[in-house]
Every structure is written in structure tokens, then in C-alpha cells.
Amino acid sequence: MSLPGFPPMPDFPAGEVWLAGAGPGDPRLLTLLALHAVSAADDIVHDALVDARVLALKRADAELIAVGKRGGRASPQQRDINEVLVERARLGRRVLRLKGGDPFVFGRGWEEATALTAAGIRFRVIPGVTAGLAATALAGIPATTRDTNHAVVLAAGHRAEDGQSAADWVALAKLGQPIILYMPMAQLAEMAKALQEGGLPADTPAAMIQSATTENERVVETRLGTLASDAKSSGIGSPCIVVIGAVAALRDQVRSTMVGWS
Ligand code: SAH
């Protein structure tokens, strides 16, 4: 792929692995580099959240390898995924590891990067638009404004290894900065309780954004104190971003002219 006036796209050498983010869902939010990678790869090792229309851009002879983790179904362990990347690269394939959002934001991209380095395999990282920032922006919720906050916390609602302790949420609440939660559903009630124990008022604005940038997008506005019960009663499901903080209430200011996602 080459675009007039643009820097040339890098070659995808045989035996190299590219760790790329595919963005939050809508194929048009792919970066140009990720698009180039999809069209150049021999093997595309992809997550469940990567849109089929992105995968359809592959070369006719390229191989798709699904390694997605989808609730309930048995999914490959991270070390098996690392192994696939190493094996394929050693066969001289151009291997694209394509993940939802950004590879290094709750995407376990670092495990893959270090596994590749341990195996002596060259790799490149292609950042992607991360779901937490895309979902909020497209819901009319700015991650920062001069008036409301000078920092923003990206946090994982559940941690794979040790379970997030309440103390961590109490500490985050004390920062007084908006919190954007990935994978929020499993422990929403405990989290909301701990954030209130940390000093965030029950009426702190919050919003839940499901399937941002897709035709299934849904936004539910709520407050910290009713977050868990509203999640239940609204039936909001995965994938979902939760944002907690003053910024979550700002969308009303722009709703009359902000064009929706389509
Ligand atoms: N690396 C990804 C995050 C992987 S963790 C990124 O940077 O975006 C998976 C979590 O991302 C989901 O549980 C959900 O919280 C969030 N997510 C991914 N895509 C989403 C979407 N389209 N809408 C809302 N949340 C999304």
C-alpha cells in the first residue's frame, strides 16, 4: 500500500512478527500501518474482537488463526499463543498478531513482545486506538478537559492473576480523577463500593458504553451508587467500558449537535 505524499510503508520481512492494534471495532478506525500489515501478512493471529471486515482484507492465500478469548469457551493459554507466534515466525512466515484496541493496553502484548525477544525473533509494534478512549469520545465524554481533570486512570476491572484488592480501588478513588474501566463487569458491585469507601460520592457521574463503534453500541448513563444495579437492570453486556467521574456528565452539553457513530 502506498499513498501519494505519505512516508512509505515498511517492508514486512519473512520471519518477523508485527504486534498490531485493530482499534475498538469499526474497521475505519484501523491505522494505515495496521491496514498495510493486514494486507501484507502471511499469517494473521487474531482476537475474537477483531471485526470480520478487517480480516477480510487479508491476502487470499493468508492464513487466519483465531486465538480469541470469548466468555465461557475454552481458549488458548497465553503461552500457547506465544508459541504459535514463535513457531510461525521460525517457519519464515510474516506473522501479524492482531488485537482489539491497542496491543499494550490490557492486551497482553508485552508477554508476546518478551516471548519473541526471548526466542530471538524480531518484531514491530503498531499501536491502535484503545477502546477506553474511543468509547468515551464517541459517547461525547472527553477523557480530559481543562476544567475537570488533569489526569485520567485506565484500569482493568478484573486482573487475570490475583484479583484486584479493594485497597487498590480505594487508592484510585483518592486520586479524584476520572476512571475508565476495561473488563468491568465481573466485579462491578465490589469495585463501586470500594470507590465510595475511598471517598468518591455516590452521585459521581458514570456511564457504561457497550460495543462502541459498532452497530450494537449502547450508552447507559448512571451514577457510582447505582452503577451495579443499573448494569443489571439495563442488561448491558460485553464488551463494555465504564467511565466514572465528572467527565461522564458532560455529554449533555454537546448532544444537540454531536453526530453519532455511523
Ligand atoms: N487492548 C484492548 C483492550 C483489551 S481488554 C484495547 O486497547 O482496547 C478487553 C476489554 O476492552 C473489554 O472487556 C472491554 O472493556 C473493552 N472493549 C474492547 N472493545 C470494546 C468496544 N468496542 N466497546 C466497549 N468496550 C470495549
Side-chain angles (χ1 to χ4, degrees), residues 18-31 33-34 37 44-55 66-73 75-76 78 81 96-113 125-141 143 152-161 163-164 169 178-188 191-192 206-222 227-228 230-231 234-244 248 251 260-262:
W18 288 8
L19 300 178
D26 189 305
R28 293 168 297 180
L29 288 171
L30 276 182
T31 64
L33 271 170
I44 302 178
V45 182
H46 65 94
D47 285 355
L49 283 176
V50 177
D51 192 285
R53 291 167 294 181
V54 170
L55 301 175
V67 292
K69 303 186 173 72
R70 260 283 139 104
R73 223 186 308 150
S75 53
Q78 186 59 47
I81 299 174
L96 172 61
R97 173 69 175 111
L98 194 58
K99 296 164 170 289
D102 181 275
F104 284 171
V105 179
F106 306 125
R108 307 194 70 175
W110 189 248
E111 276 118 303
E112 294 168 10
V125 175
I126 301 176
V129 179
T130 192
L133 298 179
T136 47
L138 292 165
I141 299 169
V152 62
V153 176
L154 303 185
H158 81 83
R159 279 202 305 225
E161 315 306 335
Q164 191 110 18
W169 297 113
I179 299 171
I180 296 178
L181 285 170
Y182 292 69
M183 300 169 280
M185 288 315 184
Q187 290 157 35
L188 203 53
M191 225 157 43
M208 303 179 265
I209 307 153
Q210 178 183 354
S211 301
T213 81
T214 76
E215 58 275 20
N216 301 321
E217 179 167 319
R218 257 186 94 189
V219 182
V220 175
E221 289 180 34
T222 178
L227 192 55
D230 280 354
S234 66
I236 201 146
S238 276
C240 181
I241 289 289
V242 170
V243 51
I244 301 161
R251 59 198 304 257
W261 190 252
S262 60

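The residues of the chain are indexed from 1 along the displayed sequence. For ligands, and for the atoms within them, numbers begin at 1 and follow the listed sequence. Source: prediction; values computed, not measured.
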Original post:
Which protein heavy atom lies closest to atom 25 (N) of ligand 1, and at what distance to 0.1 Å?
Top reply: I241 CG1, 3.3 Å

Original post:
Could you go step by step and tell me if Y182 and V105 meet the side chain to side chain contact (heavy atoms under 4.5 Å, CB included) rule?
Top reply: CA-CA 9 Å; Y182 292 69; V105 179; 3.7 Å; yes

**OP:** Look at atom 14 (C) of ligand 1 and say which protein heavy atom is nearest, naming residue and atom and giving the distance to 0.1 Å.
**Re:** C240 O, 3.4 Å

Original post:
Is there at least one pair of N or O atoms, one from D102 and one from ligand 1, spaced under 3.5 Å apart?
Top reply: yes

Subject >> Residue and atom name of the nearest protein heavy atom (relative to atom 5 (S) of ligand 1), distance in Å to one decimal >> reply: F106 O, 3.5 Å

Original post:
Counting from 1, what ligand 1 atoms have a heavy atom of G101 closer than 4.0 Å?
Top reply: 2 (C), 6 (C), 7 (O), 8 (O)

**OP:** State the CG-OG1 distance between L29 and T213, to the nearest 0.5 angstrom.
**Re:** 5.5 Å

**OP:** Please check if the side chain of T130 supplies one atom and the backbone of L133 the other of a donor-acceptor pair under 3.5 Å.
**Re:** no

**OP:** Have a look at ligand 1 and work out which part of I209, if any, has a heavy atom under 4.0 Å from it: side chain, backbone, both or neither.
**Re:** backbone

Original post:
Is a donor on one side and an acceptor on the other found under 3.5 Å between the side chain of R97 and the backbone of E112?
Top reply: no

**OP:** Within a distance under 4.0 Å of any heavy atom of T130, pick out the atoms of ligand 1 and give their elements.
**Re:** 6 (C), 7 (O), 8 (O)

**OP:** Check whether any heavy atom of T213 sits under 4.0 Å from an atom of ligand 1.
**Re:** no

Subject >> Minimum side-chain heavy-atom gap L55-L98 below 4.5 Å >> reply: yes

Original post:
A135: heavy atom below 4.0 Å from ligand 1, yes or no?
Top reply: no

Subject >> Atoms of ligand 1, numbered as shown, that sit under 4.0 Å from any heavy atom of S211 >> reply: 22 (N), 23 (N), 24 (C)

Original post:
Do any N/O atoms on P103 end up under 3.5 angstrom from N/O atoms on ligand 1?
Top reply: no

**OP:** Heavy-atom distances under 4.0 Å are what count here, so tell me which part of A134 touches ligand 1: side chain, backbone, both or neither.
**Re:** neither

Subject >> Which residue and heavy atom of the protein sit nearest atom 22 (N) of ligand 1, plus the separation >> reply: P24 O, 2.8 Å

Original post:
Do the side-chain N and O atoms of T222 and D230 include a donor-acceptor pair separated by under 3.5 angstrom?
Top reply: yes

Original post:
With only distance considered, is G25 within less than 3.5 Å of ligand 1 through an N or O on each side?
Top reply: no

Original post:
Got the closest protein heavy atom to atom 2 (C) of ligand 1, with its distance?
Top reply: G100 O, 3.2 Å

Original post:
What residue and heavy atom of the protein are closest to atom 3 (C) of ligand 1, and at what distance?
Top reply: V105 O, 3.5 Å

Original post:
For atom 11 (O) of ligand 1, which protein heavy atom lies nearest, and how many Å away is it?
Top reply: Y182 CD2, 3.6 Å

**OP:** Using non-hydrogen atoms of the residue, decide whether P239 is closer than 4.0 angstrom to ligand 1.
**Re:** yes

**OP:** For Q210, enumerate each residue passing the side chain to side chain donor-acceptor pair (under 3.5 Å) test, keeping only those at least two apart in sequence or located in another chain.
**Re:** none

Original post:
How many angstroms lie between CG in D26 and OG in S211, if you round to the nearest 0.5 Å?
Top reply: 12.5 Å

**OP:** Report yes or no: does S238 have a heavy atom closer than 4.0 Å to ligand 1?
**Re:** no

Original post:
Looking only at non-hydrogen atoms, which of P127, A212, G132, A131 approaches atom 26 (C) of ligand 1 most closely?
Top reply: A131

Original post:
Say you draw a straight line from CE of M183 to CG of L188; how long is it, rounded to the nearest 0.5 Å?
Top reply: 13.5 Å

**OP:** Measure the shortest side-chain to side-chain distance between V54 and H46 over non-hydrogen atoms and say whether it is less than 4.5 angstrom.
**Re:** no

Original post:
Among M183, K99, M185, which one has a heavy atom closest to atom 9 (C) of ligand 1?
Top reply: M183

